[in-house]
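Below, all heavy atoms of this structure are taken into account, side chains as well, without hydrogens, waters or symmetry copies. Small disclaimer: the values here were computed from a predicted structure and weren't measured.
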Amino acid sequence: QVKLVESGGGLVQPGGSLRLSCAAAGTIFSIYAMGWYRQAPGKQRELVATITSGGSTNYPDSVKGRFTISRDNAKNTVYLQMNSLKPEDTAVYLCNARGRFGDPNYWGPGTQVTVSS
C-alpha cells in the first residue's frame, strides 16, 4: 500500500548537518506514527526519532537536542534535520511508518549517512 523512499544522506564532516527526507506514496490514513531508525554494521537497529499523527515527537538521549523530526502533511513527507553530527551517527537511516499497534508497518530502503573527516 505505502512505499517509503528516503533521500538526503551523504558524507559530512563531524559537526556538520544533513536533512533527510522520507516521501510516502500511497494511502496513509491508517498511519499512526512515522519515524527514523538507523543501523550501523554489527549493531542493532535503533530508534532515532518518531512523530505521531498528532504531532508528538520522541527522541532517544543519543540524538536529543541535535536531531529534529518534522512532517509536511501536504507532501506526505517526514524530515529529519540532523545537526552537530558525530562519527557515531554513521549508519543507514531508514524511514518507518506504522499503525498504532504496529500494523500496518512499512519501511523504506534506507539512506547512508557517513560522518567522517
Side-chain angles (χ1 to χ4, degrees):
Q1 283 187 349
V2 176
K3 284 189 175 182
L4 305 176
V5 180
E6 305 97 335
S7 63
L11 173 64
V12 296
Q13 292 185 333
S17 298
L18 282 175
R19 184 175 179 85
L20 305 183
S21 299
C22 174
T27 58
I28 57 173
F29 302 110
S30 63
I31 299 300
Y32 171 71
M34 297 187 69
W36 292 92
Y37 291 72
R38 67 187 181 187
Q39 188 165 24
K43 300 186 67 176
Q44 198 165 354
R45 185 175 297 179
E46 64 176 342
L47 171 73
V48 176
T50 60
I51 184 167
T52 68
S53 59
S56 298
T57 58
N58 183 50
Y59 307 91
D61 290 339
S62 59
V63 308
K64 192 173 297 182
R66 299 188 298 120
F67 292 6
T68 303
I69 189 170
S70 61
R71 66 186 183 189
D72 186 336
N73 292 331
K75 297 181 178 180
N76 291 330
T77 302
V78 64
Y79 305 94
L80 183 68
Q81 178 66 45
M82 304 186 294
N83 299 324
S84 302
L85 284 163
K86 306 174 181 179
E88 48 263 46
D89 294 319
T90 296
V92 173
Y93 284 70
L94 304 107
C95 183
N96 172 259
R98 62 174 176 85
R100 187 170 183 176
F101 303 106
D103 186 27
N105 190 51
Y106 306 101
W107 292 93
T111 184
Q112 177 70 45
V113 172
T114 302
V115 185
S116 176
S117 60

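The hydrophobic clustering, which links ILVMFWY residues whose side-chain heavy atoms are closer than 4.5 Å, places V113 and Y59 together. Connection of Y93 to I51 is established within a shared hydrophobic cluster, with ILVMFWY side chains joined at heavy-atom distances below 4.5 Å, either directly or through further cluster members. Connection of V12 to V48 is established within a shared hydrophobic cluster, with ILVMFWY side chains joined at heavy-atom distances below 4.5 Å, either directly or through further cluster members. Connection of Y32 to L47 is not established within any shared hydrophobic cluster, with ILVMFWY side chains joined at heavy-atom distances below 4.5 Å, either directly or through further cluster members.
Taken from CG in D72 to OG1 in T77, the straight-line distance is 6.0 Å, to the nearest 0.5 Å. Taking CD1 from I31 and CG from L4, the interatomic distance works out to 7.5 Å, rounded to the nearest 0.5 Å. One distance of note links NZ of K43 with OG1 of T90; it measures 10.0 Å at 0.5 Å rounding. Here the straight-line distance linking atom CD of E6 with atom CG of N96 works out to 10.0 Å at 0.5 Å rounding. Remark: S116 OG to D89 CG distance equals 12.5 Å, nearest 0.5 Å. Note: M34 CE to I69 CD1 = 8.0 Å, rounded to the nearest 0.5 Å.
L80 and A49 make their closest contact through CD1-CB, 4.1 Å (heavy atoms, listed as atom of the first residue, atom of the second, distance). What you find for W36 and V78 is that their closest heavy atoms are CZ2-O, 3.9 Å. The heavy-atom pair separating Q81 from R19 by the smallest distance is OE1-NH1, 3.3 Å. Counting all heavy atoms, side chain and backbone alike, A91 lies closest to R38 at CB-CB, 3.8 Å. The heavy-atom pair separating N83 from S17 by the smallest distance is OD1-OG, 2.9 Å.
Proximity of a side-chain donor or acceptor of Q13 to a complementary backbone N or O of S117 within less than 3.5 Å is not detected. With R66 contributing its side chain and S84 its backbone, the two residues share a donor-acceptor pair below 3.5 Å.
Below 30°, between 30° and 60°, or above 60°: for Y37 and W107 the angle between ring planes is above 60°, a perpendicular geometry.
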List the steps and the verdict of side-chain contact (heavy atoms from CB on, under 4.5 Å) for M82 and V115.
CA-CA 11 Å; M82 304 186 294; V115 185; over 6 Å; no
Show your working on side-chain contact (heavy atoms from CB on, under 4.5 Å) between K86 and S62 and close with a plain yes or no.
CA-CA 10 Å; K86 306 174 181 179; S62 59; over 6 Å; no
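With a 6.0 Å radius and a threshold of 12 heavy atoms from other residues, nucleotides or ligands, K64 has its NZ atom above the threshold. Shown here is R100, whose CZ atom has no more than 12 heavy atoms of other residues, nucleotides or ligands within 6.0 Å.
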